[in-house]
Structures are given as C-alpha cells and as structure tokens.
S.K.: 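Sharing a structure here in structure tokens format.
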Amino acid sequence: MSVHIGAALGAIAKNVLMPGDPLRAEWIAQTFLDDAQCYSTVRNMLGFTGSYRGVPVSVQGSGMGQPSMGIYATELMKDYGVDTILRVGTCGAISASVKVRDVIIGQTASTDSALNRLRFHGIEYAPGADFTLMRHASAAAEEAGLPAVVGGLFTSDSFYNDRSELCMQLADYGVLAVEMETSALYTLAAKFGRRALTLATVSDHLLTGEETSAVDRQQTFSDMVELALATVERASA
Ligand code: HPA
C-alpha cells in the first residue's frame, strides 16, 4: 500500500476515474463497471477496480481541493503506475457561453493557488490536458449527442470566495468555469509523464444564479461518467 491508499500492488488499473466524492466512486463502480472490487477504505476515500467493456478501470475518490487531489494523484501515478486519470466532477460556470448541464472538457487550468508558484519559483506554469484524451472525449461527446464544450477551467483554492470579481474577470479571457482540482492533476500528470483530463458538468452558473436540481445533477453526472468511460475505451484501443 501507499501512504494514503490501501491497495496491493497491481490492484489498481492503468485507467482511473476520479470523482471528488468517494460515495460517487462507489456508485460509479457499482453502476458502470463489471466485477468491481473495493481496493481501499483508508480515510473512507474509497477506491474500486473493475472493467468496462473488457478494459480494466479503477475509480478513486480524490476529495475536494488541490492538496487532496495532489495526494491521491501522486500515489496513483508514482506508487501504482497509473497511466491515465480522468477527473469526473462538477464546476460553476463563469462564462455566458456555457449553460448548466453542459460538460466542460478542461483544456487548461488557471489557478489562484500558490502550489505552482512555489513549485516553479517565479515561472507561471501553464497546466494543460492530454491532447489524445481531449480529442477522444470531444469525439465521443459528439457521437453521443452530449452538450460538451472544450475550454479553460479556473482551479480555485476556495469555494467561498471574497473576490468573485477576479473569478469573473477570467471569463473575459475565455475561461469557462471554476472548480477546485484540475491544476494540480494536470501539473502532476506532466511531472510523472502520464495522461490526464478533467470532465466537469456545470452544476451552477455564477452569472445567472441558475442551479441544477438533484435529479438533473444525477442524470448529467451519469452521462459524463459514460463519456469518461467511452474516452478511456477509445484511448486504450
Ligand atoms: N466553485 C468551485 N467549485 C465548484 C463550483 C463553484 O462555484 N461549483 C461546482 N464546483
């Protein structure tokens, strides 16, 4: 096992879906994977391995925010040899060009975090998605008729923000939505030479105040998980 994941070596697949909520990880494993087995219950940050149309896939909760995502993504890639991580989450829209229930395919991740400022000391590193995964996700969404938009995310260290005008200014520079994990995920995937992509459904709109209902959230989340699995299937072919 690694420091925070209680799995035996070899128990985690090369492809991993990462929702923030560990109970979502359990739901994904039980709903979409064949022969899913739980490999870790450490801190209740559940992880499961099964298969999707014959492709081995794991699902690991990331927790909320970059420090938590950073711990799990690092251990998956460094200690368990994971090759491909797809974050499946939600985001708040900041751009008028996207609507609630859209799926954002996260091309880049701007951030207000000091993590990369400390890591790169004076250089503004630009975390980006793996192009192959992005291309497959975009094609799979088009084929499934899902409302998907490729574009920039803002990875914020705070959900409750005193400076919402700064967040909104990013929309003027093409950023579509705010969430809390992708910058760390993309940076660490680059560090370990692996592939990562965030898919995030728009759960709320910061411009209009519109929110999705619980039923809507479940349906759009479910569609997005199918998109993530179709992306993994295409990228494994
Ligand atoms: N902020 C940060 N993360 C989020 C939001 C938000 O408004 N909505 C969904 N995830």
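Just so you know, ligand 1 is whichever comes first in the structure, and atom 1 is the first atom listed for that ligand. Heads up: numbering here begins at 1 and tracks the sequence.
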S.K.: Would you call the rings of F221 and W27 parallel, tilted or perpendicular if under 30° counts as parallel and over 60° as perpendicular?
M.R.: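 It falls in the tilted class, 30° to 60°.
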S.K.: Between R163 and E165, is a salt bridge (charged side-chain N to carboxylate O under 4.0 Å, His left out) present by the stated rule, with each step listed?
M.R.: CA-CA 5 Å; R163 302 285 307 275; E165 75 279 7; 2.8 Å; yes
S.K.: Ignoring hydrogens and geometry beyond distance, is a side-chain donor-acceptor pair present between N116 and T111 at under 3.5 Å?
M.R.: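 On atom types as modelled, these side chains do not qualify, holding no pair under 3.5 Å.
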S.K.: Partners of A7 by side-chain contact (heavy atoms from CB on, under 4.5 Å), sequence neighbours excluded?
M.R.: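 A7 satisfies side-chain contact (heavy atoms from CB on, under 4.5 Å) with I5, A11, I12, Y39, Y80 only.
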S.K.: Given 3.5 Å as the limit, does a donor-acceptor pair link the side chain of H136 with the main chain of F131, or not?
M.R.: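 Judged by distance alone, no pair lies under 3.5 Å.
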S.K.: Any chance the side chains of T155 and S183 put a donor and an acceptor closer than 3.5 Å?
M.R.: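 Distance-only check fails for T155 and S183.
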S.K.: Give me the pairs of N or O atoms, one from ligand 1 and one from the protein, that sit under 3.5 Å apart.
M.R.:
{"unit_1": "ligand 1", "atom_1": "7 (O)", "unit_2": "D204", "atom_2": "OD2", "d": "3.4"}
{"unit_1": "ligand 1", "atom_1": "8 (N)", "unit_2": "G92", "atom_2": "N", "d": "3.3"}
{"unit_1": "ligand 1", "atom_1": "8 (N)", "unit_2": "D204", "atom_2": "OD1", "d": "3.0"}

